[in-house]
Amino acid sequence: MPRVIAITSGKGGVGKSNFAINAGIALAMMDNRVQILDADLGLANLDILLGIRPQKTLEDVVLGHADIRDIVIQTDYRIEIIPGSSGQQSMANLKADRLHDLIGSIMEVSSNADFLIVDTGAGISSTVIAFLMALKEVVVGVTPEPTSLTDAYSLIKVLNNNGFDGKIDIFASMTTDIAMGRTIHKKISSAAQRFLNIPIGYLGCVCKSSQLPMAVKDQVPVIVRFPSSEIARSYRILATKLLGHQGMVIDHEKFWSRLLKMLVTAAPTRNVRTISFNGDSTPAQFEKTIHDILDEQRRTRLLLERLVSQMDQDAVRAHKNVG
């Protein structure tokens with residue numbers, strides 16, 4: 001069975017769909033089979049971000065016009081997409097029994113995947129909460145805006161009030177720097193600990209970047225369109241953190257060889273003129289850039305391993321002190 005992770009938010013526009021796609025691609029390039037479910041059933045948009053046109057969607061499955069296996073799309077980026085429906089209010093307000101059957105079908109078709117990433121709708125509608133309550137891992141996207149902070153906390157509160165017993169993490173989006181991301185987490189985590197008595201984890205942040213809207217316009221994931229950018233690096237780090245303590249060995253050479261293949265095969269079909277890192281790049285400069293990114297990835301991995309080791313040691317010491 002796959003590890004199922006829901007990506008959600010209290011309000012729209014926080015970047016959860018870009019998180020799902022780019023972190024999903026990073027996971028796929030780390031030797032994981034990844035499926036992404038577009039569970040924003042009324043306003044699905046993953047297909048638009050990827051520049052694909054699904055012939056059938058979850059709406060056809062619900063209406064009995066297609067089997068769930070018929071709608072799964074294999075993309076150019078080693079991830080599979082289960083497309084949702086857009087512009088159908090009836091899909092956004094499915095009854096509990098039909099939603100239960102739909103979730104069962106999705107889990108069946110995803111049984112061989114390593115990760116099933118569920119990109120839910122924003123807010124606290126009954127459909128969104130039903131999806132989240134069916135899962136054990138929820139990642140909430142939050143921006144520095146006061147309304148986003150308030151809505152994220154409200155979403156967490158609703159889950160808690162409904163008896164959610166899984167793990168909740170947040171990722172900060174559209175921050176000016178890493179420190180702002182930590183501040184956002186501290187605000188939500190402190191409130192949740194004080195008033196709800198639940199812990200809230202922190203995956204990291206995605207800072208503001210002019211390259212993200214450019215990639216969205218080109219309908220190419222930013223991790224592929226601008227692989228050496230800071231925002232691409234952020235998604236790679238977030239994906240690495242999602243792997244958690246599973247003890248998985250990441251082959252970074254394969255990661256970057258696959259990225260190069262994506263750059264070669266995907267760019268022409270997306271009508272992207274050129275993929276340039278710093279102006280006009282020669283093959284030698286291009287290769288050097290990739291090696292520089294690879295070195296940075298290795299350093300990031302080692303840093304994360306040291307941090308995890310230190311956290312484990314701190315936890316052991318704290319346990320001994322309590323004892």
Side-chain angles (χ1 to χ4, degrees), residues 5-24 36 38-46 48-49 84 92 117-133 135 137-162 164 166-213 215-216 221-222 230-231 234-235 237-239 241-242:
I5 302 173
I7 314 299
T8 191
S9 61
K11 68 187 295 288
V14 305
K16 60 182 179 58
S17 294
N18 276 299
F19 177 100
I21 289 174
N22 288 284
I36 303 179
D38 196 338
D40 191 345
L41 300 181
L43 296 170
N45 64 358
L46 291 185
I48 297 173
L49 292 174
I117 298 176
V118 182
D119 181 22
T120 77
I124 54 175
S125 71
S126 58
T127 303
V128 171
I129 297 302
F131 256 112
L132 299 180
M133 293 298 298
L135 307 178
E137 289 188 66
V138 172
V139 177
V140 182
V142 193
T143 71
E145 296 179 4
T147 52
S148 180
L149 290 164
T150 302
D151 291 346
Y153 176 77
S154 297
L155 171 62
I156 293 170
K157 182 178 180 180
V158 169
L159 288 175
N160 185 63
N161 290 344
N162 279 274
F164 180 78
K167 177 179 175 55
I168 301 177
D169 292 311
I170 70 167
F171 79 93
S173 182
M174 302 181 191
T175 62
T176 55
D177 52 37
I178 295 174
M180 180 179 287
R182 295 196 187 100
T183 299
I184 289 173
H185 170 250
K186 185 176 181 180
K187 288 180 178 179
I188 293 181
S189 178
S190 297
Q193 190 68 57
R194 178 178 179 183
F195 299 109
L196 306 178
N197 195 31
I198 57 173
I200 303 297
Y202 182 54
L203 286 179
C205 70
V206 179
C207 297
K208 287 182 179 179
S209 170
S210 61
Q211 290 152 324
L212 182 59
V216 170
V222 72
E230 281 298 315
I231 189 170
S234 296
Y235 285 124
I237 292 174
L238 289 168
K241 286 188 176 182
L242 281 176

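Residue Ile124 places its CD1 atom among 12 or fewer non-hydrogen atoms of other residues, nucleotides or ligands, all under 6.0 Å distant.
Annotation: the span from Ile170 atom CD1 to Leu155 atom CG amounts to 11.5 Å, rounded to 0.5 Å. With rounding to the nearest 0.5 Å, the separation of CE in Met174 from CG in Leu212 is 7.5 Å. Taking CG from Leu196 and NZ from Lys157, the interatomic distance works out to 7.0 Å, rounded to the nearest 0.5 Å. Of the inter-residue distances, the one linking Ile117 atom CD1 with Ser17 atom OG reads 11.5 Å to the nearest 0.5 angstrom. For the atom pair CD of Gln193 and CD1 of Ile188, the computed distance is 14.0 Å after rounding to the nearest 0.5 Å. Going from atom CG of Leu149 over to atom OG of Ser154 covers 10.5 Å, rounded to the nearest 0.5 Å.
Results of the side-chain contact (heavy atoms from CB on, under 4.5 Å) test with Asn162 over Val158, Leu159, Asn160 single out Val158 as the only residue that passes.
Across every non-hydrogen atom of Ala152 and Val142, the tightest pair is CB-CG2, 3.7 Å. Here the closest heavy-atom approach between residue Ser173 and residue Pro144 is recorded as O-CD, 3.3 Å. Taking every heavy atom of both residues into account, Ile168 and Ile156 meet most closely at CD1-CG2, 4.1 Å. A pairwise comparison of heavy atoms in Gly181 and Tyr202 identifies C-OH, 3.1 Å as the closest pair. Closest of all the heavy-atom pairs between Cys205 and Ile178 is SG-CA, 3.8 Å. The two residues Ser148 and Thr143 make their nearest non-hydrogen contact at OG-N, 3.0 Å.
His185 contributes no side-chain N or O that, together with a main-chain N or O of Leu203, makes up a donor-acceptor pair within less than 3.5 Å. In this structure, Thr183 contributes its side chain and Ala179 its backbone to a donor-acceptor pair below 3.5 Å.
Phe171 and Phe19 have parallel rings, their planes meeting at less than 30° on a 0 to 90° scale where 60° marks the start of perpendicular.
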Checklist entry - When you look at Ile198 and Phe164, which way does the side-chain contact (heavy atoms from CB on, under 4.5 Å) test go after all the steps? => result CA-CA 10 Å; Ile198 57 173; Phe164 180 78; over 6 Å; no

Checklist entry - Would Val222 and Asn18 satisfy side-chain contact (heavy atoms from CB on, under 4.5 Å), going step by step from the backbone distance to the final call? => result CA-CA 8 Å; Val222 72; Asn18 276 299; 5.9 Å; no

Checklist entry - So Thr150 and Tyr153, side-chain contact (heavy atoms from CB on, under 4.5 Å) or not? Walk me through it. => result CA-CA 5 Å; Thr150 302; Tyr153 176 77; over 6 Å; no

Next on the checklist: Using the rule given for side-chain contact (heavy atoms from CB on, under 4.5 Å), can you reason through Ile231 versus Asn22, listing the C-alpha separation, both sets of side-chain angles and the distance that settles it, and then say yes or no?
Outcome noted: CA-CA 10 Å; Ile231 189 170; Asn22 288 284; over 6 Å; no

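Applying the salt bridge (charged side-chain N to carboxylate O under 4.0 Å, His left out) test to pairs two or more places apart or on separate chains, none has a residue in residues 177-201.
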